[in-house]
> 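Here it is, the structure, as structure tokens.
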Amino acid sequence: MKLDTKTIAQLAEHLETCQLEARDTPKITDQHPDMDWDDAYAIQREILRRKLGRGRRVIGLKAGLTSHAKMKQMGVTSPVFGFMTDDYVVPDCGEVKVAELIHPKVEPEIAFVLKHPLRGPGCHVGAVLAATEYLLPGVEVIDSRYRDFKFDLKSVIADNTSASRFVVGGVPTAAAGIDLTTLGVVMEKNGEPVAMGVGAAVLGNPASAVAMLANHLASHGEEIPAGAVVLSGGITEAVAVAAGDTVTLRVHGMGATTLRFV
Ligand code: OOG
Ligand code: MG
């Protein structure tokens, strides 16, 4: 750790205030170029502590920057992990108020819901599939608090990996019998297909992203709890949205989920 406790608390307060007030900020590594990975996750955990203190609950976890398309879009080279609290959930076919966000983008993802907790280290695709109760189509709404979505890995980790909203829907589908690598997805904006891909775009298999998340949590003595929604990461580049847009994600054999921006 390079930052002291006070600085970590200040940066967490700053980033969370930007989120709550929907205003952007330069990336924090500009002021703290020597902060390290532990500092970055410590700031993220401090943001979580603030939210839990106000009565929020964690209902999901996410892996991000797990596809080549996303890494290339954001200019980074390794996955990141974050959390989602109950106020991030959008009901299927529900609305997202754009005024509450800075510059939202949508990502097509496969969501996993586990029947058994997953604990690393050593978690692998087989363990993820065995622990999975069902899969769902999921759209993540990311909203980096950083100006013009410009950040480096440490800054984005501290900012809880741009998490802001998500929707899941469609048909809860057992993992058995699904080939996650060839699973096709189409994301539509206002009825037009804007992003298409297959599961293999995410680390060869979206279940790998869930395994990486479990192994990451293990380094802090934590696990993925049963019942949590786990987003495995954008399969394609993220697509910008504005008020008036309707976004639908269709996943082969798993139905569709929709959200509207107002
Ligand atoms: C970071 C979060 C990326 C994903 O699915 O790749 C992410 C960002 O691009 O702002 O959630
Ligand atoms: Mg995502």
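Counting convention: from 1, in listed order, for ligands and their atoms alike.
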> What atoms of ligand 1 come within less than 4.0 Å of a heavy atom belonging to E109?
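Counting from 1, the qualifying ligand atoms are 5 (O).
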
> Please identify which atoms of ligand 1 are closer than 4.0 Å to at least one heavy atom of K62.
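Close to K62: 2 (C), 7 (C), 11 (O).
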
> Give the intermediate values and the outcome of side-chain hydrogen bond (donor to acceptor under 3.5 Å, both in side chains) for residues S155 and D152.
CA-CA 5 Å; S155 294; D152 49 25; 2.8 Å; yes

> Would you say G233 has any N or O atom under 3.5 Å from an N or O of ligand 1, going by distance alone?
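Min N/O separation from ligand 1 is not below 3.5 Å for G233.
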
> Should you measure from each heavy atom of I142, which atoms of ligand 1 turn up under 4.0 Å away?
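So the atoms of ligand 1 that pass are 8 (C), 9 (O), 10 (O), 11 (O).
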
> Tell me which protein heavy atom sits closest to atom 2 (C) of ligand 1, plus the residue, atom name and distance to 0.1 Å.
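Here the nearest protein heavy atom works out to T161 O, 3.2 Å.
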
> What is the closest protein heavy atom to atom 6 (O) of ligand 1, and at what distance does it sit?
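Among all protein heavy atoms, the one nearest atom 6 (O) of ligand 1 is L65 N, 2.7 Å.
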
> Only heavy atoms of G234, strictly under 4.0 Å: list the atoms of ligand 1 that pass.
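Within the 4.0 Å cut-off of G234, ligand 1 contributes 4 (C), 5 (O), 6 (O).
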
> Between D159 and R145, is there a salt bridge with N-O shorter than 4.0 Å?
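Judged by the 4.0 Å cut-off on N to carboxylate O distance, R145 and D159 do form a salt bridge.
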
> Which N, O or S atom name in E109 marks its closest approach to the Mg ion (ligand 2)?
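The atom in question is OE2.
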
> May I ask you to identify the nearest protein heavy atom to atom 7 (C) of ligand 1, giving residue, atom name and distance to one decimal place in Å?
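Minimum-distance protein heavy atom for atom 7 (C) of ligand 1 reads E107 OE1, 3.3 Å.
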
> Of all the atoms in ligand 1, which lie at a distance below 4.0 Å from a heavy atom belonging to F149?
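The atoms of ligand 1 under 4.0 Å from a heavy atom of F149 are 10 (O).
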
> Applying side-chain hydrogen bond (donor to acceptor under 3.5 Å, both in side chains), run through S144 and H103 and close with a yes or a no.
CA-CA 8 Å; S144 176; H103 41 199; 4.8 Å; no

> In sequence, state the C-alpha distance, the side-chain angles, and the governing distance for R23 and I102, and then conclude on side-chain contact (heavy atoms from CB on, under 4.5 Å).
CA-CA 6 Å; R23 56 186 170 78; I102 305 162; 5.8 Å; no

> Where is the nearest protein heavy atom to atom 9 (O) of ligand 1: which residue, which atom, and how far?
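Of the protein heavy atoms, K70 NZ, 2.8 Å lies nearest.
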
> Is it the side chain (CB and beyond), the backbone, both or neither of K105 that lies under 4.0 Å from ligand 1, heavy atoms counted?
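The answer is neither.
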
> If you have a sec, read the angle at the Mg ion (ligand 2) from E140 atom OE1 over to E107 atom OE1, to 10 degrees.
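With the Mg ion (ligand 2) as the vertex, OE1 (E140) and OE1 (E107) sit 100° apart.
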
> Answer yes or no: does an N/O atom from S162 fall short of 3.5 Å to an N/O atom of ligand 1?
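Such a contact does occur with ligand 1.
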
> Evaluate the side-chain hydrogen bond (donor to acceptor under 3.5 Å, both in side chains) criterion for residues T257 and D92: first the C-alpha distance (whole Å), next the side-chain angles of each, then the deciding distance (0.1 Å), finally the verdict.
CA-CA 6 Å; T257 187; D92 193 17; 2.7 Å; yes

> Under 4.0 Å from any heavy atom of M74, which atoms of ligand 1 are there?
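In order of numbering, the contacting atoms are 9 (O).
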
